[in-house]
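Only one structure is covered here, and it is reproduced in the block below.
In this text, all values refer to a predicted model and were calculated from it rather than measured experimentally. Computed over heavy atoms, backbone and side chain alike; hydrogens, waters and symmetry mates excluded.
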Amino acid sequence: MVQQSEIPYVIGNKSFTAVAINTAAKAGEWIKSKLGEFNSLNRKSSHRDLVTEIDKGAEAMIRNLLHTYFPEHSFLGEESVGQESESFEKAIRGAMEAEYMWIVDPIDGTTNFVHGFPFYSVSIALAHKGEVIVGVVYDPSRDEIFVAEKGKGAYVGGQKMRVSAESKLTESLIATGFPVSRQEAYDVNMKGIGALASRVRNIRTTGSAALHMAYVAAGRLSGFWEVGLNPWDLAAGVLLVTESGGRVTDMNGEPYSLKLRNVLASNGAIHDEFQRVLEDEGAVL
Ligand code: 2AM
Ligand code: CA
């Protein structure tokens with residue numbers, strides 16, 4: 001017979017999600033209160049790659065809050081990973097192997113935050129052995145919180161989300177983002193825009209990959225693609241899209257994993273056509 005003391009203490013998904021929601025909301029409110037008030041504006045890899053002390057402060061706040069509830073969990077945050085490719089690779093390997101790993105972007109859309117353009121978000125995901133099981137994206141400007149739990153659906157404002165119904169590119173509103181640093185990525189992006197512009201209803205590019213993913217999940221966008229992203233930009237958004245009935249692959253149609261950098265997300269119905277157009281025009285990496 002199993003002794004009571006031998007049964008491991010298991011915290012259900014529900015409280016993972018509750019903590020993720022609370023933490024994203026707290027950090028988001030703080031970030032919003034600092035709009036226009038930050039002092040140090042630093043550049044990371046290029047003049048386009050911005051970071052403020054608010055990014056760093058928000059990440060510390062999120063890490064501390066998560067750690068208070070789940071001290072044994074691992075943490076992968078944009079501002080804690082070094083710029084060198086080895087530390088990046090090591091962090092990803094760690095994320096794939098960890099029992100529980102929180103994957104956090106404290107501000108997704110820092111350029112927007114810096115310019116006061118109200119389209120940035122807090123992205124918090126929880127991966128269990130490399131599989132995302134909770135995803136939360138909070139948009140402080142609209143006070144909207146997008147929440148997904150593996151196998152349980154995705155919600156915004158208390159409503160279950162469902163991807164949009166367009167079945168052709170000609171009816172689709174598509175978003176993309178401009179990679180900050182790599183020229184190679186920039187060229188492929190311009191090719192993609194050239195290929196899609198005349199085939200879709202219209203293209204949007206608003207500067208937060210996590211919110212673009214949330215909007216695909218909510219049916220506000222039919223699809224989204226972007227090259228050169230990082231796991232913290234995508235992890236929460238991927239679960240939002242898949243739990244809303246959409247599809248996420250890399251630009252070559254390969255399934256999502258935490259290593260994926262070049263994303264293609266859609267309502268599912270347009271996915272193959274979307275991917276084919278990009279591939280036919282040589283706009284995939
Ligand atoms: P960020 O604001 O967290 O940096 C805009 O196209 C998207 O690209 C945003 O989600 C932005 O996230 C992300 N991004 C910005 N700089 C990046 C970089 N150096 N590498 C990968 N993604 C980046
Ligand atoms: Ca960020």
Side-chain angles (χ1 to χ4, degrees), residues 92 95-96 103 105 108 123 125 127-135 137 146 148-151 153-154 161-179 182 184-185 187-196 199-200 203-205 208-285:
I92 302 295
M96 307 282 283
I103 303 171
D105 191 346
D108 185 61
S123 176
H128 179 247
K129 296 184 177 160
E131 186 192 18
V132 180
I133 57 168
V134 174
V137 173
F146 302 84
E149 271 183 33
K150 178 85 193 161
M161 291 197 287
R162 183 76 213 153
V163 291
S164 65
E166 298 83 39
S167 59
K168 299 190 207 86
L169 280 183
T170 49
E171 302 161 346
S172 294
L173 186 64
I174 303 287
T176 189
F178 290 100
R182 290 150 56 208
E184 176 201 19
D187 293 341
V188 96
N189 215 42
M190 295 317 284
K191 267 193 201 161
I193 291 172
L196 282 160
R199 289 181 165 96
V200 297
I203 296 182
R204 299 285 179 262
T205 172
S208 165
L211 270 186
H212 281 150
M213 294 291 281
Y215 277 29
V216 172
R220 300 171 187 176
L221 287 168
S222 326
F224 164 63
W225 93 100
E226 182 163 353
V227 294
L229 291 172
N230 288 307
W232 43 84
D233 301 316
L234 286 172
V238 168
L239 194 62
L240 290 171
V241 172
T242 54
E243 287 295 325
S244 302
R247 193 169 156 202
V248 183
T249 64
D250 82 356
M251 288 172 60
N252 297 300
E254 296 298 317
Y256 172 76
S257 84
L258 289 177
K259 284 190 264 184
L260 183 148
R261 307 204 66 148
N262 309 313
V263 74
L264 188 72
S266 79
N267 64 1
I270 61 161
H271 206 88
D272 291 339
E273 189 190 0
F274 189 11
Q275 201 252 330
R276 206 168 42 245
V277 167
L278 292 173
E279 200 163 73
D280 287 353
E281 299 294 328
V284 296
L285 274 180

* Heavy-atom donor-acceptor pair, N252 side chain to E254 backbone, under 3.5 Å -> no
* I193 versus F178: any side-chain heavy-atom pair under 4.5 Å? -> yes
* What closest approach, in Å, do V241 and M213 show between heavy atoms, and which atom pair accounts for it? -> CG2-O, 3.3 Å
* Counting only N and O atoms by type, is there a donor-acceptor contact under 3.5 Å from the side chain of N262 to the main-chain atoms of L229? -> no
* Can you name the side-chain contact (heavy atoms from CB on, under 4.5 Å) partners of A154, sequence neighbours left out? -> A148, M161, L240, E243, S244
* Would you say F146 and L211 make side-chain contact, with heavy atoms under 4.5 Å? -> yes
* To do: Kindly say whether V137 contributes a backbone atom to a donor-acceptor pair with the side chain of S123 at under 3.5 angstrom?
  => no
* Closest approach of R162 to G245 (non-hydrogen atoms, all atoms of both residues) -> NH1-CA, 3.7 Å
* Asked: Can you check side chain to side chain contact (heavy atoms under 4.5 Å, CB included) on R199 and T170, steps first, answer last?
  -> CA-CA 5 Å; R199 289 181 165 96; T170 49; 5.8 Å; no
* Asked: Do the non-hydrogen side-chain atoms of V238 and V132 ever get within less than 4.5 Å of each other?
  -> no
* Point-to-point distance, once rounded to the nearest 0.5 Å, from OG of S172 to CG of L196 -> 9.5 Å
* **side-chain hydrogen bond (donor to acceptor under 3.5 Å, both in side chains) partners for D108, two or more places apart** => S208
* **D233 side, atom CG; D105 side, atom CG - distance, nearest 0.5 Å** => 5.5 Å
* **Sole candidate of V216, I270, D272 that passes side-chain contact (heavy atoms from CB on, under 4.5 Å) when paired with R247** => D272
* About how many Å separate CD of E279 and CG of L264, when rounded to the nearest 0.5 Å? -> 10.0 Å
* Asked: Rounded to the nearest 0.5 Å, how far apart are CZ of F224 and OG1 of T176?
  -> 6.0 Å
* To do: Provide the closest heavy-atom pair for W225 versus G192 in the form atom of the first, atom of the second, distance.
  => CZ2-C, 3.7 Å
* Asked: Are K259 and D250 within salt-bridge range, i.e. N to O under 4.0 Å?
  -> no
* Would you give the length of the straight line joining atom CE of M251 to atom CG of L260, rounded to the nearest 0.5 angstrom? => 10.0 Å
* **Nearest heavy-atom neighbours spanning H212 and L221** => O-CD1, 3.6 Å
* To do: Check for a donor-acceptor pair, side chain of N189 on one end and backbone N or O of G177 on the other, with a separation under 3.5 Å.
  => yes
* To do: With rounding to the nearest 0.5 Å, note down the distance linking NZ in K168 to OG in S222.
  => 12.5 Å
* Structure fact -> Minimal heavy-atom distance between A127 and I103, with the atoms involved, is CB-CD1, 4.1 Å
* Structure fact -> In short, L239 meets K150 closest at the heavy-atom pair CD2-N, 3.7 Å
